[in-house]
Amino acid sequence: MRADSGPLIRQPWETLRMPEPVAPGPGVTELDRALGDPWDKDNPAGFVEFLAADERAEMSAAGEAILDRYGFNAEFVPVALGGRFARMDRLIEVLRTVWRRDPCLGLGHGLSSFIAAVSAWTAGDSSQRSAVANLLLANRRVAPVYHEFGHDNDLSSVNFSATSNGAGWLLNGRKDLVTDVRRADAMVIFARTRPGLGSRNHGQFFVPKPTAAQGRVRYLPRSPSSGMRGVRLDGAEFTNYRIPGESLIGEPGQGVETALRSFQITRSALPGASVGILDTGLRTALSYVRERRRYGGAATDLPYVRAVIGRAFTDLLVVDAFSSVAARALHLLPGETGVLASAVKYLAPRVLMDAMAELSTVLGAHSHLREGRYAIFEKLARDLAPAEFGHASRDACRATILPQLPRLARRAWFNGTALPELFWVGGDLAPLRFSGLVTGAPGSDSLCAALVDISEHYAGASPLGRLADRFRDELVLLRAQCVELAPKDLSLDASPAAHAVVERYTLVLAAACCLGIWWHGSGHGVPFACDETWVTAALDRLNRRLGGKVTTREETRGLEESMFRSAVRRHDDGRLFDLTGREVPG
Amino acid sequence: MSAVLDYPPANLAATLDARLGDPADRTGSFSRAHCAELDRSEEFPHAICRHLDALELPSYYIPSSLGGRLNDYEDLLYIWRTLARRDLTVAVVHAKTYLGAVSVWLAGDRDQARRLGSEIMAGRRVSWALTEPDHGSDLFASKVMASPDGSGYRISGKKWLITNASQGSYLCVLTRTDGTDNEHGHSLFLVDRSSLPADSYRLLPKVRTHGIRGADVSGIAFESAPVGRDALVGPPGSGAETVLRGFQLTRTMCTALSLGAGDQALQLATRFATERLKRDRSLIERPHVRDTLARTAALLLTAEATAIVASRCVHALTGEMSVVSAVVKALIPSLVEEMLAELAELLGTQSFLAESYAEGAFQKVQRDHRVVTIFDGSAVVNRNAVINQFPRLTRGYTEGIVDSAGLSQASHVTTPPPPLDTEKLQVLSTDGCSVVQSLPTVVEQVTQAVSRGLAPRDLARAARAVLTATKAVHERMRETRPAVRPMAADYEVAADYELCFAAAACLHLWVANAADHPAAPQPAAELWDDALWLQVVLRELLSRLGHADEGSAWRIASGSPATEPADSLERFVDLLATTGGAVTLFPGRTTGTRAPLLWKETTHAR
């Protein structure tokens with residue numbers, strides 16, 4: 001008898017499928033098929049290959065070739081420009097398909113070009129848009145040239161300058177971390193156009209591959225890294241490099257605004273993609289424990305092991321719920337995503353990292369090995385780290401969220417109306433409108449409104465009822481604290497207590513996403529709608545971060561046990577652990 | 001005005017550190033640059049180990065009764081901490097010899113022990129071959145078999161993930177000598193690899209690892225390898241007990257590796273925060289950065305105080321080490337892992353780049369430290385061991401069982417601890433854990449000190465809160481049933497018990513030694529002014545224990561501005577800034593007691 005056998009009652013959500021996304025061309029199924037079973041030792045684009053590439057600190061050539069054949073870059077090009085990008089959920093699913101195998105491949109041979117391209121999609125003119133689109137559709141790279149040591153994600157402080165000389169611009173300065181700049185065919189360079197710390201002194205410039213005639217570009221030595229080792233991070237130094245006037249993307253002084261608008265897309269996408277890492281991490285841990293005996297029984301008999309697996313599965317679903325709803329919000333409520341995208345980017349990578357850390361206690365020494373059957377776990381844990389500080393650090397996200405909270409607390413949280421479509425994960429969406437992305441103060445907070453609404457309708461003594469109340473109470477407490485925040489607390493000199501407010505707010509938002517999917521999703525084909533076990537476990541996990549006891553020890557144990565059993569079933573069936581539960585090779 | 005308290009183990013460490021040269025000097029053998037290079041090329045640090053051997057460091061791995069210099073486990077703690085502060089790979093591979101030898105010190109006969117002692121002094125490395133490919137932490141499921149053969153034994157089977165299996169001349173091997181599954185079915189053998197026929201064993205290749213990449217983590221496959229009866233360590237069937245008793249020493253000492261890693265990370269981060277500007281002001285001026293540094297430094301001081309008390313317990317409360325060693329080996333690496341994660345967030349991209357900031361030392365120490373959480377018993381394994389002792393611990397707490405004499409010796413650092421009587425190491429503590437069981441008394445002592453004006457009022461409140469939380473933790477321990485396979489929630493109760501232990505250890509250490517620390521101009525003395533270190537440590541521990549008192553405080557980091565002792569925190573961070581993150585309760589001096597005589601004068605270049 002197998003250790004994990006038990007009543008195998010299938011939950012209704014386990015058989016539901018995501019509707020096919022509305023986008024032309026091949027999709028995630030074809031990509032999965034092209035990449036094959038990553039565990040298969042003979043697969044030229046499997047874990048054996050990705051681990052070997054990581055050891056050499058190189059990109060996997062076999063992986064790149066497959067992505068090119070599939071047209072991975074087309075996923076980043078709007079449909080109107082000949083690509084396949086129309087919907088965030090599809091983008092995340094495609095990215096996750098690569099991320100669960102080799103995040104280096106996903107970042108170095110895809111997402112980094114997208115980070116460059118979104119500025120053109122959001123603020124570029126039609127010739128810039130089609131130039132970028134043509135490059136990507138031809139499987140070329142566009143490098144995002146942003147990072148300077150000493151400023152990290154603080155865009156307003158960059159030193160790299162673009163000076164107007166009437167006919168064009170002169171670029172001067174140094175960028176320290178640029179993804180694969182040597183192989184790129186073009187760059188999107190973020191530069192200062194005027195002195196000063198304000199947010200209207202910068203611009204993005206679309207710059208095709210440098211040629212000697214235009215001035216000097218010197219490539220600086222590569223910066224090796226402990227994770228994402230295959231992704232080449234180079235520096236580049238520009239000296240009096242001339243570019244034409246029409247290189248500027250958007251209007252002068254719009255650079256920070258363009259970044260803040262367009263990065264809402266990439267900041268939402270990155271955590272959603274990184275769910276793929278935990279998916280493989282969880283699959284690796286399950287394979288490990290199901291093959292082992294410990295202390296006179298199967299390793300899967302150990303309550304500790306069962307709990308850790310159940311928790312990691314729940315955490316994965318929490319992150320997927322949060323990023324899926326944020327992704328839908330980019331289509332449905334772009335006025336709110338300035339805050340929401342930062343909230344996902346702030347919380348989700350931390351949840352994923354903690355889950356990987358806890359899973360490593362189950363794998364023991366094997367979580368530390370770069371070889372053997374479970375070596376992919378160690379690599380993925382390293383590759384996950386930049387999801388937290390890269391693209392927008394927790395600090396940068398916090399600085400975006402915090403100033404908005406007093407107003408939202410006062411006006412929006414308890415006076416809003418919920419938008420049910422937000423939670424119809426997998427449901428219809430109109431193509432994303434780049435022009436709809438905005439910066440500035442949102443006037444509404446539909447997730448908090450949904451939480452308040454659901455907790456009012458669903459009061460009760462059940463664990464879920466108590467948890468829903470708990471999060472509503474937290475929102476009440478947060479409101480009291482947010483309206484009292486001093487002006488200093490909204491600045492870079494915010495107190496640690498003000499920082500903690502952001503953490504708690506993001507936990508409330510994540511809880512609202514889970515509750516919303518459960519409450520509003522039924523009747524709309526939404527996976528996991530109506531399943532009370534999942535949503536209770538999700539809120540219980542989030543509440544552990546918030547603190548305070550809501551469920552009893554036995555209730556928590558029961559939830560973890562149910563989630564363990566569900567995880568085992570998914571493992572048996574070869575399905576993803578995310579909300580889609582899609583069947584995948586390996 | 002008076003001098004800082006004189007603490008011999010720290011003096012010893014300071015002298016050693018001076019002998020090892022400036023880690024920033026790129027030409028030195030034990031430089032940060034050289035260690036980074038060895039890590040990148042995954043090379044064993046031979047030259048550095050030879051340098052340490054030349055300094056007669058291995059003499060501290062041998063009990064003084066056998067001609068070595070090990071008569072105070074605090075010395076070993078401080079030596080390893082000093083090595084680990086520079087490089088964890090070196091610390092692990094050099095320290096392994098002590099781990100390999102400990103069984104012989106505990107159970108071997110005198111001749112065997114003397115012989116091994118002189119071999120170690122001659123620079124031979126000893127490794128400890130416990131784990132096997134398929135059993136991991138489940139040591140006593142081992143399959144390696146030693147079968148009687150004539151006057152000796154023949155060993156067959158595979159030991160894997162063994163540090164120094166290939167570099168070591170000797171291996172202390174745990175084998176099965178009995179077909180049955182019972183606890184007396186295991187025996188230990190001290191195997192001299194040079195005496196084995198070449199075809200009777202095979203070294204397994206170096207295993208590539210996440211951290212300590214230069215270390216020799218490999219294995220050995222015995223193929224009917226003949227060993228004499230004199231290779232047995234202790235009587236046949238005593239292997240399991242010897243290993244469990246040995247763990248009580250090694251697990252306690254391994255906390256030094258975490259302390260050194262924490263030292264290194266805090267210094268790197270403090271320097272970063274001081275130098276790095278954000279909008280024209282250094283990071284360390286920003287409130288949240290100050291908060292991060294203060295909390296992580298408080299964790300390091302917690303770890304330090306707890307490890308010092310634990311290493312004195314080895315001598316003074318020997319019979320209780322089954323609890324103490326498991327508690328500190330679970331707690332201290334976990335605290336340092338948390339520190340590293342928080343500081344990584346502070347360093348951002350620079351926590352991730354392998355060559356950019358300080359030779360990539362931060363990403364290296366973060367990778368290297370992972371191994372400390374795994375080897376010699378993970379937190380899960382150690383918490384399991386504590387859970388199984390819950391009944392005695394709760395009874396001991398209720399009845400207030402305390403070995404007062406032992407406890408006093410464990411806490412007063414100015415007097416040398418009594419010699420270790422290894423016979424007193426027992427698999428399970430009969431009396432529970434005096435450090436925790438004496439909590440009501442030490443809290444009373446703190447209250448009295450406060451009423452005499454020797455410490456701020458807040459401290460009495462904090463001490464009472466520790467007492468309340470500890471009572472609640474014991475209530476939860478009482479509700480836990482001991483089991484071979486404990487429930488997941490029980491591990492959390494054990495983790496909270498560790499925090500109670502740490503709080504109690506810190507209170508004892510302060511009460512016992514504060515009087516010897518009158519105000520002094522040195523930074524370390526400032527830590528003792530107004531019990532500054534104890535304030536920040538208890539604040540941190542209480543924020544973690546808050547949830548033990550069910551239904552009370554929400555457990556979000558630093559979320560309760562009302563209770564923040566702002567002044568003391570500000571003073572604490574200023575102190576961090578002036579010392580470059582090098583905070584320690586007992587700073588050593590190269591001129592202090594016991595220091596200058598012990599290290600041979602050697603010069604060593606790369």
Side-chain angles (χ1 to χ4, degrees), chain A residues 55 147 149-150 152-154 157 177 197 223-227 233 292-297 301-304 306-308 353 357 360-361 364-371 378 382 385-386 388-390 393-395 492-497 499-500 503-504 545-549 553 556-557 560, chain B residues 131 134-138 141 161 181 207-211 276-279 286-288 291-292 337 341 344-345 348-356 360 363-364 366-367 370-371 374-375 378-380 484-489 491 546-547 550-561 564:
Chain A
E55 287 295 316
H147 195 108
F149 284 160
D152 283 11
N153 308 115
D154 186 10
S157 318
L177 298 178
L197 270 175
S223 290
S225 51
S226 58
L233 299 172
R292 264 176 177 64
R293 298 186 62 75
R294 281 287 180 275
Y295 308 109
D301 286 345
L302 297 175
Y304 176 82
R306 297 169 86 87
V308 169
M353 286 172 78
S360 74
T361 67
H366 283 277
S367 68
H368 198 72
L369 303 187
R370 276 151 57 219
E371 57 184 58
E378 185 275 341
R382 273 188 287 113
E388 181 162 284
F389 59 76
S393 65
R394 277 163 71 86
D395 233 16
L492 286 172
D493 285 323
S495 67
H499 277 213
E503 171 104 14
R504 289 155 56 205
R545 290 176 181 271
L546 210 49
K549 199 86 179 151
R553 209 179 127 121
T556 297
R557 198 183 75 78
E560 289 169 349
Chain B
T131 51
D134 290 322
H135 316 296
S137 57
D138 191 3
L161 296 184
D181 237 352
V207 177
R208 285 180 287 122
T209 48
H210 172 71
R276 176 60 66 100
L277 299 179
K278 183 157 189 179
R279 305 268 172 112
R286 305 285 181 190
H288 72 280
D291 182 65
T292 301
E337 277 292 293
E345 188 183 335
T349 313
Q350 294 298 348
S351 70
F352 177 72
L353 296 178
E355 289 171 18
S356 168
Q363 59 83 30
K364 181 175 186 311
Q366 198 175 17
R367 273 190 293 107
R370 286 275 304 125
V371 82
I374 295 166
F375 88 160
S378 64
V380 176
V484 186
R485 304 184 184 97
M487 304 313 290
Y491 291 84
H547 74 129
E550 291 194 5
S552 75
W554 303 134
R555 209 187 162 205
I556 277 291
S558 41
S560 68
E564 227 166 287

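Only a predicted model underlies this, so the values are computations on that prediction, with no experimental measurement involved. Throughout, protein chains are lettered first and strands after them, A, B, ... in sequence-line order, and every chain is numbered starting at 1.
Heavy-atom pairs under 4.5 Å with chain B were tallied for A:R382, A:R557, A:R292; the largest tally goes to A:R382. Interface summary for chain A: among B:L277, B:T131, B:T292, B:V371, the most heavy-atom pairs under 4.5 angstrom belong to B:V371. For the set A:G150, A:A357, A:G390, the entry with the most heavy-atom pairs within less than 4.5 Å of chain B is A:G150. When the candidates A:S223, A:A385, A:A494 are compared by the number of heavy-atom contacts under 4.5 Å with chain B, A:A494 comes out ahead. The residue among A:S495, A:A307, A:P386, A:S393 with the most heavy atom pairs within less than 4.5 Å of chain B is A:P386. For the options B:A488, B:S378, B:P287, heavy-atom pairs under 4.5 Å to chain A are most numerous at B:P287.
Between B:T209 and A:R370, the closest heavy-atom pair is O-NH1, 2.7 Å.
The structure places CZ of A:R394 at 4.5 Å from CD of B:E345, a figure rounded to the nearest 0.5 Å. In this structure, CG in A:D301 is found 5.5 Å from CZ in B:R485, a value given to the nearest 0.5 Å. In this structure, A:L492 CG and B:R286 CZ are separated by 4.5 Å, a value rounded to the nearest 0.5 Å. Between the NE2 atom in A:H499 and the NE2 atom in B:H288 there is a gap of 5.0 Å [rounded to 0.5 Å]. Between the OG atom in A:S226 and the CZ atom in B:F352 there is a gap of 5.0 Å [rounded to 0.5 Å]. One distance of note links CD1 of B:I374 with NE2 of A:H366; it measures 10.5 Å at 0.5 Å rounding.
Residues satisfying the side-chain hydrogen bond (donor to acceptor under 3.5 Å, both in side chains) criterion with B:D138, sequence neighbours excluded, are absent altogether.
Under the salt bridge (charged side-chain N to carboxylate O under 4.0 Å, His left out) rule, A:D154 has a single partner from B:R279, B:K278, B:R276, which is B:R279.
B:Q366 does not touch chain A: none of its heavy atoms, backbone or side chain, sits under 4.5 Å away. Both the backbone and the side chain of B:V207 come within contact range of chain A, each with at least one heavy atom under 4.5 Å from a heavy atom of that chain.
Between B:Y491 and A:Y304, the angle of the ring planes lies from 30° to 60°, which puts this pair in the tilted group.
In this structure, the side chains of A:S367 and B:R370 come closer than 4.5 Å at one or more pairs of heavy atoms.
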